[in-house]
Amino acid sequence: MMPEETQTLNGEIYEIVYQNEDNGYTVCDVNCNNSLVTACGHMPFIAPGEQVVMTGKWVNHPSYGEQFSVTSMERALPKKVSAVLSYLSSGIISGIREATAKKIVNKFGEEALEVIALSPERLAEINGISLNRARKISESFLIRQDAAQTVIFLQEYGVTPNLALKVHKIFGQKAIELVKENPYILCESVERIGFKTADRIAQEMKLPKNHPGRISGGIIYMLTYAALNGHTCLKYSELTDSTASFLGCDIGEVEMALAQMKYDAKLIFEEDFVYLPLYYNMELSASVKLSELMALAKPYSKDIPNDIFIHSKNSLIELSAMQSEAVKKALGGGVLIITGGPGTGKTTIMKIIMEIFQSHEYKIALCAPTGKAAKRLSESCGMEAKTLHRLLEVEVNDAQNQRFGRNEYNPIDADVVIVDEMSMVDIILFGSLLKALKRGTCLIMAGDSDQLPSVGAGNVLHDMLQSGVIPAIRLNEVFRQAEQSRIVTNAHRINMGEMPLENDSKTDFFFMGRTPEDALETICELCMGRLGKVYGFDSISDIQVLSPSRKGIVGTNNLNKVLQSRLNPPSKDKKEKKFGERIFRVGDKVIQTRNNYDMIWTLPDGSGDGFGIYNGDIGIILDISQKEKSMRILFDDNKIVEYDFSSVEDLEMAYALTVHKSQGSEWSAVIIPVCPFPPMLMTRNLLYTAVTRGKKLVILVGNLQCVSTMVKNNKLQLRYSSLEKRLRESMGNA
C-alpha cells in the first residue's frame, strides 16, 4: 500500500511521548494488535489506556523514522482495569494523580470511570477525597469527554485547549454552531478570549469587517479595556472616536451600533457617558445601600465616652483627640471611613473598636482584599480576618464566572464589618460586599487614600471621601514610635511633595545613585547577599523588588529574568520546566496573576483543604513532576497547590513586582528602582505606595532627579466613575 494513502488504525494509547498543552500537538505510542506504532498530530487530552481509531497517513520523519500522521481521531474510554489505571494516572483529569488513581481503581475496579461520571459522591468513600473534590473530579472528567470536538474545531483558529474547554462549558453542544454564526460571542462570554482573538477568527472565516457583531464587539472591548484601566464608564464622544479608530470603520457605523445596543439594553447611557450595565448597577446599588446603612445607624453603646475611657485605661493606650473621635463615630453605628498614612494609628483604632464591640457581645467580621492584608490584620487585632472573597464565600458557576454565596438573600452573619486596605477595593467587590450586609450593619472602612487606587474598575475610597456625605476621619498625627522610622517620615514627606531624607547613620531608608545598567547590577547584589549579611534578610521571603514598570532594563520583565538566574540558577539537582520563553524551576518565587476560584489547595499537615487561589498570591515552587505534568507550590498563607501544566499560564515570576501588584502586601526590605520610566508612571502616589510597602528597610536605586520628578508629580490618572455623584444624589446633596 502506498505511504501517501489514507489509512485507519485501531489501538490503545500506550504512552504519551510528547504533548504540547497549548495546542494539543501530541506524539504517542499506540498498541495496535500487540505492535507499538508512533503516532503524531493534534490529539488534545488523550491519555494512556484510551481506545482510539485514528485516520491519517504514514510519513517518514528524518530523525525518528516511520510515524503515523493523524488527521482525525475517534476515542473510546478504557475498559480493562490496567487501562483504567493508566488513564487515571496520566493526569488527564484535574484532581487525580497516580496515588489517587490507585485508590480509585482499587476501590471500584472496572467501574471506576462509571462511578466518576454517574456517582461521583461515591468517591468520597475514599480517604482523602472530600465531597467537593469528588464533584470537581467528575466535572473535569465529563467536560473532557464531551468537549473534544469543540477543542479540535477551535484549535484550527489558535485557541488553546484550556480556553476551548471554557467555550464548551458556556455554550455546550452548540458551541461550534454558535461560533461559526458569530465569533464575537467568544469575547463577550469567555474570560481570557479577547476581541482581537475573536476578530482574527472572524477574518479567517471571511466575515465582513462591518459585521454587526464586530462593531458591537469592538464597543464592548473598548469599554472593557477602559474598566481594566480603572474606568466604570466612558464619554460618548471618546467611545465613538476610539472604537472607530480601533476598528477602522466610520463613526456613523459605531453610532448606529450604539443606538441598537441601547435599545437592546446591552449598554446604559446617562448624560454624556456610556456604561456597561455591570458597573452602572454596582455604583448605583452601592450608593443606595450606603445611604440605607447610614439611615439605620444606631449607637452600639449607651455610654460611648465611658467605654472609650475604660478601654483606654485598661489597655494603657492614650488616644489622641482624633483617634477618640474615630472610635466614638464607629460606636455610633452606620458607616465610617478611617484614613491616614503610615504610623497614624489606623490599626490601633481598629483593634480598640473591635474590642469594645466584643465587650458588648456583638458579632464582628474582619476582612481585607488580599490574603497578606488579612493575615496582617489578624495578627494586629488578635482575631481571625478573612479575605473579602472568603468572607463572601466565593463560588464559581459552570462558565467559570464568579459569584458569591453571601448576598442580599444570604447575608453575612455579623453586626459589625471592619474592612482594611480599602484603597485596593474596586467597585465590583465593594458592591458585592454591601449587598451581603444585613440591614443596620455597622460598616467601618480603613485605608490610605493617598495610595494607588484599586487595580480593578472604580475609584471607591476616593469617591466616598470626595462625596462629603460619608462620615470620615483623617488621621494626620504620626506617633512617637513611628516617628523613629525614616520610612514613615519619608512616606509623609513624599506625600507632602518634599524630597525624602536618606543615608543618615542607623537609618532604615537609603538612596543609591546609579545608571539604569548599574542599578540592575546593584539590585542583584543587594538581593544576593549584601542585605542578608548586614540585616539577616532572606533573599526570597524577606526582600522584594518593586518597579514602576514591566518594561525597560529595570522593569519587572527583565529584573525577573536576571534575578532568577542569580538567585535560583539552573542545577542538575533542580527540576525545571520550560513553557515557551519562560522557565519555571524548583525554588522559584512566583505570583498568581488572576483569580482562580476552583483551584484546590491543601494544608501541609493534611488538616484541611479548600478552593481558591487569588490574583496577587505569592508562593515558592516546591516540586515539578514531568510524569504527572504538574507543579507543587507553597503559597504565603501556607496553602499547597498542585498546578497542572495547563494552568501555569496564570503564574509569573515574583522576584520583582510592579508597584500596582504590591498593594496590600508588606516585606521586611523593599528595593525600588527609580530610573526614567514612562511619564504616566512617574507619579507621587506610585512612589509613596512603593515606599510604604517596606517594614524595616527601603532602598531607592537609580537617579535622584527621577525621585524629584515623581515627588513633584501629584497628577492623578483620570478615572471616569460615578459613585461620588450617586452618593450625593441618594443622600439629597446633588
Side-chain angles (χ1 to χ4, degrees), residues 88-89 91 93-104 106-107 120-121 123-137 140 366-368 370-391 393-396 538 540-542 568 573-575 584-592 595-625 627-645 647-648 650-651 654 665-668:
L88 293 178
S89 299
I93 300 175
S94 179
I96 297 181
R97 299 288 179 266
E98 186 172 1
T100 306
K102 289 179 180 178
K103 291 180 182 179
I104 293 173
N106 288 340
K107 176 77 173 177
E121 67 279 357
L123 293 176
E125 298 171 13
I126 298 173
N127 184 35
I129 300 181
S130 66
L131 188 57
N132 276 339
R133 184 180 177 189
R135 288 170 178 162
K136 293 290 182 182
I137 288 171
S140 174
L366 300 181
C367 58
T370 67
K372 273 196 171 183
K375 183 179 180 181
R376 194 166 64 248
L377 184 60
S378 296
E379 293 168 349
S380 301
C381 293
M383 172 184 166
E384 182 189 20
K386 298 180 179 179
T387 63
L388 279 162
H389 284 90
R390 187 177 164 210
L391 179 66
E393 297 179 7
V394 67
E395 301 171 351
V396 181
D538 181 83
I540 300 296
S541 60
D542 293 331
N568 192 29
D573 299 322
K574 291 180 184 176
K575 299 176 185 176
F584 289 93
R585 189 173 296 128
V586 169
D588 275 335
K589 183 178 182 180
V590 294
I591 183 170
Q592 174 77 8
N595 293 336
N596 189 328
Y597 306 105
D598 60 349
M599 184 74 82
I600 300 170
W601 55 261
T602 58
L603 297 178
D605 60 3
S607 62
D609 62 10
F611 295 93
I613 296 296
Y614 302 109
N615 185 6
D617 286 351
I618 294 175
I620 302 295
I621 298 176
L622 299 179
D623 190 30
I624 298 174
S625 173
K627 181 179 180 181
E628 297 186 358
K629 296 183 174 58
S630 68
M631 295 197 310
R632 190 156 53 94
I633 299 175
L634 174 64
F635 283 93
D636 282 343
D637 48 4
N638 218 29
K639 296 174 181 175
I640 293 179
V641 178
E642 294 279 353
Y643 273 75
D644 290 331
F645 284 169
S647 299
V648 173
D650 296 334
L651 292 173
S665 297
E666 288 183 345
W667 293 271
S668 295

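For Ala374 against Thr387, the heavy-atom pair with the smallest separation is CB-N, 4.0 Å. Nearest heavy atoms, Cys367 versus Leu377: O-CD2, 3.6 Å. Here the closest non-hydrogen pair linking Ile618 and Trp667 is CD1-CZ2, 4.0 Å. Listed here is the closest heavy atom pair of Ile93 and Leu88: CD1-CD2, 3.6 Å. Between Ala101 and Ser89, the closest heavy-atom pair is CB-OG, 3.5 Å. Of all heavy-atom pairs between Gly128 and Arg133, the closest is O-NH1, 3.1 Å.
Looking only at side-chain heavy atoms (C-beta outward), Glu121 and Leu131 come within less than 4.5 Å of each other. Contact annotation: the side chain of Pro120 never approaches that of Ile137 to less than 4.5 Å [non-hydrogen atoms, C-beta and beyond].
Considering only residues two or more places apart in sequence or on other chains, Lys375 meets the salt bridge (charged side-chain N to carboxylate O under 4.0 Å, His left out) condition with none of them. Looking at residues two or more places apart in sequence or on another chain, you find a side-chain contact (heavy atoms from CB on, under 4.5 Å) between Ile126 and Lys103, Ile104, Lys107, Phe108, Ile129.
Note on ring orientation: taking the six-membered ring where Trp is involved, the planes of Tyr614 and His389 are parallel (angle under 30°, cut-offs 30° and 60°).
In this structure, CZ on Arg376 lies 4.0 Å from CD on Glu666, to the nearest 0.5 angstrom. One finds the CG atom of Leu622 at 11.0 Å from the NZ atom of Lys575 (value rounded to the nearest 0.5 Å). With rounding to the nearest 0.5 Å, the separation of CG in Asp588 from CE in Met631 is 8.5 Å. Taking CD from Glu642 and CG from Asp623, the interatomic distance works out to 8.0 Å, rounded to the nearest 0.5 Å. The OH atom of Tyr643 sits 13.5 Å away from atom CD1 of Ile624, with the distance rounded to the nearest 0.5 Å. Arg585 CZ to Asn568 CG: the interatomic distance, rounded to the nearest 0.5 Å, is 6.0 Å.
Between the side chain of Asn595 and the backbone N or O of Asn615 there is at least one donor-acceptor pair closer than 3.5 Å. A donor-acceptor pair under 3.5 Å links the side-chain atoms of Lys589 to the main chain of Ile540, judged by distance alone. Asp617 contributes no side-chain N or O that, together with a main-chain N or O of Asp636, makes up a donor-acceptor pair within less than 3.5 Å.
A side chain to side chain contact (heavy atoms under 4.5 Å, CB included) with Leu651 is found for one member of Ile633, Ile613, Ile621 and no other, namely Ile633.
In the displayed structure, Lys102 atom NZ is contacted under 6.0 Å by at most 12 heavy atoms of other residues, nucleotides or ligands.
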Donor-acceptor contacts, no H, no angles, side chain residues 599-606, under 3.5 Å, sequence neighbours left out:
| unit_1 | atom_1 | unit_2 | atom_2 | d |
| --- | --- | --- | --- | --- |
| Trp601 | NE1 | Phe611 | O | 3.4 |
| Asp605 | OD1 | Ser607 | N | 2.9 |
| Asp605 | OD1 | Ser607 | OG | 2.6 |
| Asp605 | OD2 | Ser607 | OG | 3.4 |

